[in-house]
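Worksheet: the structure to be examined is printed underneath.
Everything quoted here is computed from the prediction, not taken from an experiment. So that the names make sense, note that chain A is the first sequence line, chain B the second, and so on, each numbered from 1.
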Number of protein chains: 2
Amino acid sequence: MHELTRMPHTEGEKQDFMKDSKAPIAALERLATYLRYLNELNRDGLQTISSSDIEKATGVHAAQFRKDLSYFGEFGKPGVGYNVDELRGRIARILKVDNEQPVILIGAGNLGSALIGYTGLPQNNFRIVGVFDNDHHKVGYKLWDNEILDIDTLKEHNTRLCAKIAILTVPSMSAQVVVDKLVDAGIKVILNFAPASIRVPDNVVVRNVCFVQELTVLSYHITPHANGI
Amino acid sequence: MHELTRMPHTEGEKQDFMKDSKAPIAALERLATYLRYLNELNRDGLQTISSSDIEKATGVHAAQFRKDLSYFGEFGKPGVGYNVDELRGRIARILKVDNEQPVILIGAGNLGSALIGYTGLPQNNFRIVGVFDNDHHKVGYKLWDNEILDIDTLKEHNTRLCAKIAILTVPSMSAQVVVDKLVDAGIKVILNFAPASIRVPDNVVVRNVCFVQELTVLSYHITPHANGI
DNA sequence: TAGATTGTTAATCGATTAACAATC
DNA sequence: TAGATTGTTAATCGATTAACAATC
């Protein structure tokens, strides 16, 4: 039962070309942060970068950066630093975003529609290759460029689409039913926007995004009588 | 410079009615989880609940649950458990979601529009009281029930609205400019959907939601040759 | 060579889990 | 009273930071 963002839901998969000794989830999140920064940086044509440059740019401690990389091998030259292009490429490869990843989206509501139209996804090698819904009133219509397909044709379609990643933007009530269908169709990881705990087999990974929870944690941080507008 | 979801960006505020001894952010996230469960539970008219019941329902270790509560006082009766209503009320009060919280949203694009229409917000005491944009083509139009207002009238409007919470759904490029205006208008906490690092004063708290980062971490977890569709 | 910066080991810090006396 | 369950202290675990030998 892999669950909740911060829970230790790592798998034990091995990669021949890397050490991959149980990097913590927090390290992976930071790798994604480094990658985003390196992608921005690329335009400037900078050649090398040091761990303390990374610290300045991202706020992550230089030692932390080097430690995070160390889970996956050696990346830099002592006394010199890291080659920007190489580093970017290798981090992308570790995170498997070096090639385009097919993604399916389930739930063609407001949020689903917004995500389909979000340009940040294709810009980062995530391509939405299929949109599904269980509402027969929606099936057949187009959302942006995607025809909305019947959720019950998911397994069939995915033999062709080969998506391993699913984005789930259905109401909480239907979440578990849909998840079971996703798993059955060969989906390996799920980004869940429904504020519901969903159960999946051990070889499937879930990350939950919950707007209300984010706002609630923020709400806590409002100072008691901060009325000085 | 309070930043990034997992960084220690807690303030040192004190509450007269509670201990408030530096609860970790992770504990606050779990409190929000408990609250969600307790809200669901309420309908069943259950009177008391034990920490091990919580463990069964949420997956959070019973000792962890008790520890999380202990940051804020005593909540249960030894040998008996916790009164559901009381527990719900007190957690809601700690997280300041016991009363309706006014929220403003900046950026009336696809995502902003989806969030405005999301029923989960009002259901959890977050009320969107103002929608702003810097695109003059959008200003004046209505989004759901909200007239889109000019971002430059934000400070003026917020003397009336008194929102402390802002949701930021503008493009990355404009994020920092808008954030400065938010801070100037008295906003204390920001839920940032732009994939950009934003700088705020020490008394303002930011949480970042980044879809691409979530997908990237998931992408990592795809097993190398998991082709068994 | 001298200066810089890596990768890694050790030290520190913080968070989670276990254990148990207190108490309903 | 006996059984159950709390709140808290102590033990464990894991992650972050510091330090430094290796090396470019």
Side-chain angles (χ1 to χ4, degrees), chain A residues 3-10 12 18-31 33-34 46-84 86-87 90-91 94 217, chain B residues 3-10 12 18-31 33-34 46-84 86-87 90-91 94 217:
Chain A
E3 262 297 346
L4 263 157
T5 312
R6 300 304 134 193
M7 301 224 154
H9 53 196
T10 32
M18 55 170 81
K19 292 205 289 185
D20 192 20
S21 52
K22 281 278 164 217
I25 297 282
L28 299 172
E29 294 175 350
R30 285 188 299 263
L31 283 184
T33 303
Y34 308 145
L46 194 64
Q47 290 290 308
T48 35
I49 199 170
S50 72
S51 57
S52 62
D53 292 336
I54 295 279
E55 173 166 348
K56 263 174 256 158
T58 66
V60 178
H61 199 290
Q64 178 97 79
F65 169 75
R66 297 200 302 274
K67 182 75 172 160
D68 287 345
L69 290 185
S70 78
Y71 292 114
F72 301 98
E74 305 192 354
F75 294 71
K77 276 200 189 38
V80 179
Y82 304 85
N83 178 285
V84 172
E86 192 206 329
L87 186 59
R90 288 185 64 189
I91 294 180
I94 291 166
V217 173
Chain B
E3 260 299 343
L4 264 155
T5 313
R6 296 307 132 190
M7 302 222 153
H9 54 195
T10 32
M18 55 171 80
K19 293 205 286 185
D20 191 20
S21 52
K22 283 276 164 217
I25 297 283
L28 297 173
E29 294 175 350
R30 287 188 297 263
L31 282 184
T33 303
Y34 309 145
L46 194 65
Q47 291 289 308
T48 33
I49 197 170
S50 72
S51 56
S52 61
D53 291 336
I54 294 280
E55 174 167 348
K56 263 173 258 159
T58 66
V60 178
H61 199 290
Q64 179 97 77
F65 169 76
R66 297 201 301 276
K67 180 76 173 159
D68 287 344
L69 289 184
S70 77
Y71 291 114
F72 301 98
E74 306 194 352
F75 293 71
K77 276 200 187 40
V80 181
Y82 304 85
N83 178 288
V84 172
E86 191 206 329
L87 185 60
R90 287 184 64 188
I91 294 180
I94 291 167
V217 173

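A cation-pi arrangement, defined by a distance under 6.0 Å to the six-membered ring centre and an angle within 45 degrees of its axis, is absent between A/Lys67 and A/Phe65.
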Q) When you look at A/Tyr34 and A/Asp68, which way does the side chain to side chain contact (heavy atoms under 4.5 Å, CB included) test go after all the steps? A) CA-CA 10 Å; A/Tyr34 308 145; A/Asp68 287 345; 2.7 Å; yes

(Q) What verdict does the side chain to side chain contact (heavy atoms under 4.5 Å, CB included) test give for B/Phe72 and B/Leu31, after you've listed the backbone C-alpha separation in whole Å, the side-chain angles of each residue and the deciding distance to 0.1 Å? (A) CA-CA 11 Å; B/Phe72 301 98; B/Leu31 282 184; 3.6 Å; yes

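Rounded to a whole Å, the CD atom of A/Glu74 is 10 Å from the P atom of D/dC24. A straight line from CG of B/Leu87 to P of D/dT5 spans 15 Å, rounded to a whole angstrom. What separates CD1 of A/Ile54 from C1' of C/dT5 is a distance of 13 Å, to the nearest Å. Protein atom CG of B/Asn83 is 15 Å distant from nucleotide atom C1' of D/dT5, rounded to whole Å. Whole-Å rounding puts the A/Ile25 CD1 to D/dA15 C1' distance at 13 Å. Atom pair B/Gln64:CD and C/dG14:P shows a separation of 17 Å (rounding to whole Å applied). As rounded to whole Å, 12 Å separates atom P of C/dA15 from atom CD of B/Glu29. Separating the NZ atom of B/Lys22 from the C1' atom of C/dC13 is a distance of 15 Å, rounded to the nearest angstrom.
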Listing time: all N or O pairs from protein to nucleotides 1-4 of chain D that are below 3.5 Å?
none

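Listed pair B/Arg66 / C/dT16 fails the phosphate criterion, with no side-chain N or O lying under 4.0 Å from OP1 or OP2. OP1 and OP2 of C/dT16 both lie 4.0 Å or more from every side-chain N or O belonging to B/Tyr71.
Counting only distance, with no hydrogens or angles, the side chain of B/Arg90 and the backbone of B/Gly73 share no donor-acceptor pair below 3.5 Å. A donor-acceptor pair under 3.5 Å links the side-chain atoms of B/Asp53 to the main chain of B/Ser50, judged by distance alone.
The residue A/Ser51 sits close only to the backbone: its heavy atoms come under 4.0 Å of sugar-phosphate atoms, none of a base.
Checking C/dG7 for Watson-Crick or G-U wobble geometry (two distances, each under 3.5 Å) identifies D/dC20 as its partner. Checking C/dT12 for Watson-Crick or G-U wobble geometry (two distances, each under 3.5 Å) identifies D/dA15 as its partner.
In the set C/dT16, C/dT17, D/dG7, C/dT17 carries the atom at the smallest distance from any side-chain atom of B/Ala63. Nearest nucleotide to the side chain of A/Lys67, out of C/dT6, D/dA18, D/dT16: D/dT16.
For the pair B/Arg66 and B/Tyr82, the tightest heavy-atom approach, listed with the atom from each and the gap, is CG-OH, 3.6 Å. In terms of heavy-atom proximity, A/Ile54 sits nearest to A/Ile49 at CD1-CD1, 4.0 Å.
Both A/His61 and A/Lys77 lie near DNA chain D, and the one whose nearest nucleotide falls closer to the 5' end is A/His61.
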